[in-house]
**Student:** 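Handing you a structure now.
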Amino acid sequence: MARPLRFRRAPGRWSDESVRDRIERPLDENLGARGRSPWFAPPSGFDARRFEMDDGSMALFCWTDDDPDPPNGADSGPVGYWIGNTETPSSLWKTDKFGFEEVAYSVQRWAERELLAELSMEEPWIEAYPHLAWFFLPVFCSKDGAETTRRFFRDHAAGFPDADREEVLPFLESALQRGTLDPYREVMAGKLGTSPHLDHVRMSAAIAEYVAADILVRAGYAVTPEIEVTTGHSLDYRASAPDDPASFLVEVTRPQPVSGRSAGDPVSAVRDTAQTKTDGQLESHGGGVTLFVDCSSFPDDDWQAVLGERPDVRHRPAVVYRARPSGHVEGYRIGSVPLDLDETIDLRE
């Protein structure tokens, strides 16, 4: 499985001629490729080419004699940068890879403008959600995951039942616009995966982490994702309140609806999914973690059954809840939850 889209950094002196010989010609021989000027002006001090392949894939290459802001540990050039969702020419195979935020900002923004313009042309519906488009760009334009990740948002309402795209995506756009997760874009966007096969379970679980972050941020907490603990595991978030030295660890799990799993009823689905966490990751950690059980994949009837019975999940503290695209969240607590969530979750006592 390919990773989310990244830059390749190719040290050495490049020219129009070497770009044609070492990049355009091999692409044309293998895929059918046309080199052309980019849609947007390249970064100052750079030359650039855009490559469009017969199979619909594309790539960008820009080069300079003097990189204005090289990645940590790299020299200032001469150098070229490649990014694309097509096969990589052999002349670039042994180059180092860098995320969007690791290269010079001018290179990052130029590539993002090119990619976002193409994404909007191919998926016109996404223009209404500019932050969502930008945030998930590394997977929306990835080599293997472009079609499946776009389809998950476009045709599956990002995993929310009893709702359509027009209801769900404004909710996610609003959550992402807060900017809380922007510094962690590559890691968080990558949780959707870049598989050519749509993995609804994995993608819905990833969305649960965005919902959890939104709940915590609206409750007044600052969040940091992917917290490595002494057991070698990573927990989903550390939440800290302003002017309070204490912080709280949060792990998120998202039960799948009964129709998509072996559990015979929604109450069992909640218990079984939570037990997977408590018998593994949380048991190894040994305590001090609040478990968020996000039932947002449940349709109305299944959620009402859970809310009516309020099943225990064999871990304390825990919060079991369901979020809707309106922003309304309701649920219940198990044990003494150290987080103040009264303003963001309609908690049933």
Side-chain angles (χ1 to χ4, degrees), residues 2-123 126-127 130 133-143 146 185-186 189:
R3 292 187 61 182
L5 200 61
R6 304 179 82 195
F7 287 91
R8 285 183 176 270
R9 191 175 193 269
R13 195 170 300 279
W14 293 87
S15 65
D16 288 335
E17 182 178 359
S18 63
V19 170
R20 280 194 299 270
D21 290 344
R22 298 170 61 188
I23 295 179
E24 184 174 352
R25 185 171 292 122
L27 288 174
D28 190 36
E29 290 172 353
N30 291 341
L31 298 172
R34 294 164 303 286
R36 52 170 293 178
S37 298
W39 290 353
F40 297 91
S44 177
F46 283 78
D47 293 298
R49 296 291 282 171
R50 176 187 178 92
F51 303 99
E52 298 172 349
M53 273 51 78
D54 289 348
D55 64 359
S57 61
M58 59 83 66
L60 303 166
F61 190 75
C62 66
W63 66 96
T64 184
D65 289 337
D66 185 18
D67 190 345
D69 186 17
N72 290 338
D75 61 36
S76 60
V79 69
Y81 286 95
W82 158 277
I83 193 166
N85 57 13
T86 191
E87 70 172 38
T88 304
S90 60
S91 61
L92 303 175
W93 283 355
K94 295 183 179 181
T95 52
D96 293 329
K97 296 180 181 180
F98 296 92
F100 280 84
E101 285 71 31
E102 295 179 289
V103 302
Y105 180 72
S106 60
V107 173
Q108 172 194 341
R109 285 302 300 148
W110 168 71
E112 287 176 340
R113 291 181 73 192
E114 293 274 340
L115 295 167
L116 286 167
E118 175 137 327
L119 177 63
S120 294
M121 185 176 67
E122 294 173 348
E123 305 285 350
I126 212 164
E127 289 190 60
W134 171 82
F135 193 93
F136 290 108
L137 193 66
V139 292
F140 282 159
C141 293
S142 62
K143 182 177 180 181
R185 176 173 67 148
E186 184 174 357

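Note that the numbering runs from 1 along the sequence shown for the chain.
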**Student:** Which residues pass the side chain to side chain contact (heavy atoms under 4.5 Å, CB included) test with P70, not counting sequence neighbours?
**Tutor:**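 If we apply the side chain to side chain contact (heavy atoms under 4.5 Å, CB included) test to P70, skipping adjacent residues, the hits are R9, D67, A74.
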**Student:** State the CD1-SG distance between I83 and C62, to the nearest 0.5 angstrom.
**Tutor:** 9.5 Å
**Student:** Where the side chain of R185 meets the backbone of E101, is there a donor-acceptor pair that is under 3.5 Å apart?
**Tutor:** no
**Student:** Using modelled atom types and a 3.5 Å cut-off, is there a donor and acceptor pairing between side-chain atoms of R49 and backbone atoms of G35?
**Tutor:**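 Looks like yes, one N/O pair under 3.5 Å.
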**Student:** For the pair E24 (side chain) and F51 (backbone), establish whether a donor and an acceptor sit closer than 3.5 Å, ignoring hydrogens and angles.
**Tutor:** no
**Student:** Looking at every non-hydrogen atom in both residues, tell me the closest pair between P38 and A48 and how far apart they are.
**Tutor:** CD-O, 3.6 Å
**Student:** Quick check: do W63 and S18 have side-chain heavy atoms less than 4.5 Å from each other?
**Tutor:** no
**Student:** CZ of F135 to CZ of F140: how many Å apart, nearest 0.5 Å?
**Tutor:** 10.5 Å
**Student:** Taking the six-membered ring for Trp and the single ring otherwise, decide whether the centroids of W14 and F61 are under 6.0 Å apart.
**Tutor:** yes
**Student:** Quick check: closest heavy atoms across D47 and P42, and the distance to 0.1 Å?
**Tutor:**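 Residues D47 and P42, closest heavy atoms: C-CB, 4.5 Å.
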**Student:** Any side-chain heavy atom of W82 sitting closer than 4.5 Å to one from T95?
**Tutor:** no
**Student:** Show the numbers, then the answer: is there a side chain to side chain contact (heavy atoms under 4.5 Å, CB included) between Y105 and D69?
**Tutor:** CA-CA 8 Å; Y105 180 72; D69 186 17; 5.9 Å; no
**Student:** Please give me the minimum heavy-atom distance between L5 and G84, naming the atom from each residue.
**Tutor:**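 L5 and G84 have their closest heavy atoms at CD1-O, 3.1 Å.
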**Student:** Let's go through V107 and F98 carefully: what are the C-alpha distance in whole Å and the side-chain angles of both, what is the deciding distance for side chain to side chain contact (heavy atoms under 4.5 Å, CB included) to 0.1 Å, and is it a yes or a no?
**Tutor:** CA-CA 12 Å; V107 173; F98 296 92; over 6 Å; no
**Student:** Of the non-hydrogen atoms in R50 and S37, which two are nearest, and what is the gap between them?
**Tutor:** CB-O, 4.1 Å
**Student:** Could you grab the distance from atom CG of L116 to atom CH2 of W39, nearest 0.5 Å is fine?
**Tutor:** 11.0 Å
**Student:** Between F7 and G99, what is the shortest heavy-atom contact and its length?
**Tutor:** CD1-O, 4.2 Å
**Student:** Does L115 form a side chain to side chain contact (heavy atoms under 4.5 Å, CB included) with N85? I'd like the steps, not just the answer.
**Tutor:** CA-CA 10 Å; L115 295 167; N85 57 13; over 6 Å; no
**Student:** Got a sec: does the CZ of R113 have more than 12 other heavy atoms crowding it under 6.0 Å?
**Tutor:**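 Not more than 12 within 6.0 Å, no.
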**Student:** Do you know the tightest heavy-atom contact between R20 and P26?
**Tutor:**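 Scanning both residues completely, I find the closest heavy atoms to be O-CD, 4.4 Å.
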**Student:** Are the side chains of M53 and E87 in contact, using a 4.5 Å heavy-atom criterion?
**Tutor:**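 Side chain of E87 against side chain of M53, heavy atoms only: no contact under 4.5 Å found.
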**Student:** With rounding to the nearest 0.5 Å, note down the distance linking CG in L31 to CD in E52.
**Tutor:** 13.5 Å
**Student:** Determine whether M58 and T86 satisfy the following criterion, side chain to side chain contact (heavy atoms under 4.5 Å, CB included), listing intermediate values before the conclusion.
**Tutor:** CA-CA 6 Å; M58 59 83 66; T86 191; over 6 Å; no
**Student:** Less than 4.5 Å apart, any side-chain heavy atom of T64 and any of V79?
**Tutor:** yes
**Student:** Can you tell me how far CG of L119 sits from CZ of F136, rounded to the nearest 0.5 angstrom?
**Tutor:** 12.5 Å
**Student:** Nearest 0.5 Å, please: how far is SG in C141 from CD in E122?
**Tutor:** 7.5 Å
